[in-house]
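One structure is given here, and the rest of the page talks about it.
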Amino acid sequence: MKVLLLKDPKTADLASDPYVKELSLRGLQATLIPVLSFKFVSLDLFFDKLSHPESYAGLIFTSPRAVEAVKLCLQKPDNIKAWKDLLCAKWNSKPVYGVGKATASLVEEIGLSSEGEGSGNAEKLADCICSKGLSYAAPILFPCGSLKREVLPKKLHEKNVPLETITVYQTSPHPAIQDSLMDYYTKKGVPASIVFFSPSGVKYCLKFLKDLPSDQLNQIKFAAIGPTTAEAMAEEGIPVSCTAQNPTPQDLAVGIKQIDIQ
């Protein structure tokens with residue numbers, strides 16, 4: 001069974017991506033095509049904010065790219081020294097929130113301890129933060145992408161949780177999406193399943209998928225890595241055959257195997 005994964009790779013070697021490896025172990029022929037490109041922006045301003053933890057009540061990371069922005073800031077010798085000597089410990093004295101295992105793992109790599117890993121998406125993380133019932137004298141710092149959804153900011157605002165956002169990366173379509181998809185169809189044919197990993201991935205890939213003849217498109221079972229992506233698919237009229245219970249390679253593999261036997 002051929003499965004096409006439309007996502008940004010976790011490693012330079014696409015075949016060693018954890019999702020490709022896990023699906024392959026389950027007997028599925030998984031291929032990954034990168035669909036997004038990221039450009040980091042405003043890193044000096046971001047580190048200036050990170051240099052003043054006393055001005056914030058905590059940190060929120062809802063994507064691996066936001067943590068990668070911190071890593072890029074720490075490539076400067078003066079910045080990494082300040083981080084190790086003082087800033088990391090000060091941020092660790094405050095709540096640091098992260099969505100999903102991939103993000104939590106990267107947060108740990110920069111020396112921070114996070115909570116909310118099991119929330120699965122930004123909406124549930126917002127619920128987790130609000131359930132604490134804390135009062136805030138300062139905002140929570142939220143580094144995010146240019147295409148962030150407004151669910152988390154809206155929920156926190158409704159519960160009077162102050163938030164300060166800063167855009168640290170811009171998301172755009174990968175320049176090779178169309179060529180990669182055409183190359184895949186030519187060499188491997190139409191996959192049995194296609195998996196989307198983000199709302200922006202849905203947005204950027206949809207027009208190329210619709211180039212397929214309708215009889216071939218109707219054969220494909222579409223899957224989502226989580227409820228936010230599934231919602232974006234439904235809004236675009238894409239039938240969602242399965243949504244991974246949690247955004248992990250193992251849960252996705254279970255979901256795809258289930259639709260395979262339906």
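In what follows, every heavy atom counts, from backbone to side chain, and hydrogens, waters and symmetry copies are set aside.
- When all heavy atoms are compared, the tightest approach of Ser114 to Val107 is CB-CG1, 3.8 Å.
- Of all heavy-atom pairs spanning Phe40 and Ala69, the tightest one is CE2-N, 3.8 Å.
- Taken together through direct or relayed side-chain contacts under 4.5 Å among Ile, Leu, Val, Met, Phe, Trp and Tyr, Leu74 and Leu106 form part of one hydrophobic cluster.
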- Leu36 vs His174, side chain to side chain contact (heavy atoms under 4.5 Å, CB included): CA-CA, chis, key distance, verdict: CA-CA 4 Å; Leu36 304 175; His174 194 284; 5.7 Å; no
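- Under the 4.5 Å side-chain criterion, counting only non-hydrogen atoms from C-beta, Ile129 is in contact with Ile140.
- At a threshold of 4.0 Å, the pair Lys132-Glu115 counts as salt-bridged, since one of the basic side-chain nitrogens sits closer than that to a carboxylate oxygen.
- In this structure, Gln258 CD and Ser241 OG are separated by 12.0 Å, a value rounded to the nearest 0.5 Å.
- Atom CD of Glu108 is surrounded by 12 or fewer heavy atoms from other residues, nucleotides or ligands within 6.0 Å.
- Inspection of the Lys2 and Thr31 side chains reveals no N or O donor paired with an N or O acceptor under 3.5 Å.
- If you take NZ on Lys257 and OG on Ser193, they are separated by 11.0 Å, rounding to the nearest 0.5 Å.
- Crowding of Gln245 atom CD: a count of heavy atoms from other residues, nucleotides or ligands under 6.0 Å not exceeding 12.
- Using modelled atom types, no side-chain atom of Thr103 and backbone atom of Gly100 make a donor-acceptor pair closer than 3.5 Å.
- With salt bridges taken as basic N to acidic carboxylate O contacts below 4.0 Å, one links Glu164 and Lys49.
- Here OG of Ser172 is found 6.5 Å from OH of Tyr204. Values are rounded to the nearest 0.5 Å.
- Side-chain atoms of Asp183 and Thr186 include no donor-acceptor pair closer than 3.5 Å.
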- Might you work through the side-chain hydrogen bond (donor to acceptor under 3.5 Å, both in side chains) test for Tyr169 and Ser63, ending with a clear yes or no? CA-CA 11 Å; Tyr169 65 92; Ser63 74; 2.9 Å; yes
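- In this structure a side-chain-to-backbone donor-acceptor pair under 3.5 Å is missing from Thr243 to Pro227.
- Note that CD of Glu150 and CG of Leu152 are 9.5 Å apart. Values are rounded to the nearest 0.5 Å.
- Under a 3.5 Å cut-off, the side chain of Asn121 and the backbone N or O of Glu123 do form a donor-acceptor pair.
- Taking 4.5 Å as the limit, some side-chain heavy atom of Phe196 sits within range of a side-chain heavy atom of Ile238.
- A side chain to side chain contact (heavy atoms under 4.5 Å, CB included) with Val195 holds for exactly one of Leu5, Leu6, Leu4, Leu32; it is Leu5.
- Using a distance-only test at 3.5 Å, with no hydrogens or angles considered, a donor-acceptor pair links the side chain of Trp91 to the main chain of Leu50.
- Pro95 and Ala57 get closest at one heavy-atom pair: CD-O, 3.2 Å.
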- Stepwise side chain to side chain contact (heavy atoms under 4.5 Å, CB included) check, Glu68 with Val168: CA-CA 10 Å; Glu68 287 166 14; Val168 294; over 6 Å; no
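- When the side chains of ILVMFWY residues are joined at heavy-atom separations under 4.5 Å, either directly or via intervening members, Phe38 and Ile166 end up in a single hydrophobic cluster.
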- salt bridge (Lys or Arg N to Asp or Glu O under 4.0 Å) assessment of Lys203 paired with Glu236: CA-CA 8 Å; Lys203 173 184 175 182; Glu236 295 291 350; over 6 Å; no
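- Of all non-hydrogen atoms in Lys90 and Pro53, the two that sit nearest each other are CB-CG, 3.7 Å.
- Ion pair Lys76/Asp44 flagged as a salt bridge, since at least one NZ, NE, NH1 or NH2 atom sits closer than 4.0 Å to an Asp/Glu carboxylate oxygen.
- Taking the side chain as every heavy atom from C-beta outward, Ile256 and Val3 approach each other to under 4.5 Å.
- In this structure, the separation between CD1 on Ile80 and CD on Gln75 is 10.0 Å, given to the nearest 0.5 Å.
- Residue Leu252 is not grouped with residue Ile33 when hydrophobic side chains (ILVMFWY) are merged at heavy-atom distances under 4.5 angstrom, including chains of intermediate members.
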- Task: Test side chain to side chain contact (heavy atoms under 4.5 Å, CB included) on Val35 and Lys7 and set out the steps.
- Result: CA-CA 6 Å; Val35 296; Lys7 68 185 291 286; 5.7 Å; no
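- Using a 4.5 Å cut-off on side-chain heavy atoms (C-beta onward), Phe222 and Ile259 make no contact.
- The side-chain heavy atoms of Lys71 and Ile110, taken from C-beta on, include a pair separated by under 4.5 Å.
- Salt bridge status for Arg65 with Asp8: present, with a side-chain N to carboxylate O gap under 4.0 Å.
- Using a 30° and 60° split on the angle between ring planes, Phe197 and Tyr19 fall in the perpendicular class, above 60°.
- Checked against the 6.0 Å centroid threshold, Phe142 and Phe61 do not count as a close aromatic pair.
- In this structure, the side chain of Thr248 engages the main chain of Asp251 through a donor-acceptor pair within 3.5 Å.
- Across all their heavy atoms, Lys94 and Gly58 have their closest contact at CB-CA, 4.1 Å.
- For Asn92 against Gly111, the heavy-atom pair with the smallest separation is ND2-O, 2.8 Å.
- Transitive grouping of hydrophobic side chains (ILVMFWY, heavy atoms separated by less than 4.5 Å) brings Leu134 and Val161 into a common cluster.
- A salt bridge does not link Glu117 with Lys101: every distance from a Lys NZ or Arg NE/NH1/NH2 to an Asp or Glu carboxylate oxygen is 4.0 Å or more.
- From Ser119, atom OG reaches atom OH of Tyr97 across 11.0 Å, with rounding to the nearest 0.5 Å.
- Both Leu209 and Ile220 belong to a common hydrophobic cluster when Ile, Leu, Val, Met, Phe, Trp and Tyr are linked at side-chain heavy-atom distances under 4.5 angstrom.
- No side-chain heavy atom of Leu72 sits less than 4.5 Å from a side-chain heavy atom of Phe47.
- A 4.5 Å side-chain heavy-atom check between Val254 and Arg26 finds at least one atom pair inside the cut-off.
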- Message: Before you tell me yes or no, could you show the steps for Cys88 and Leu112 under side chain to side chain contact (heavy atoms under 4.5 Å, CB included), namely the whole-Å CA-CA distance, both residues' side-chain angles and the distance that decides it to 0.1 Å?
- Response: CA-CA 7 Å; Cys88 184; Leu112 299 178; 3.9 Å; yes
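- A 4.5 Å side-chain heavy-atom check between Ile60 and Thr62 finds at least one atom pair inside the cut-off.
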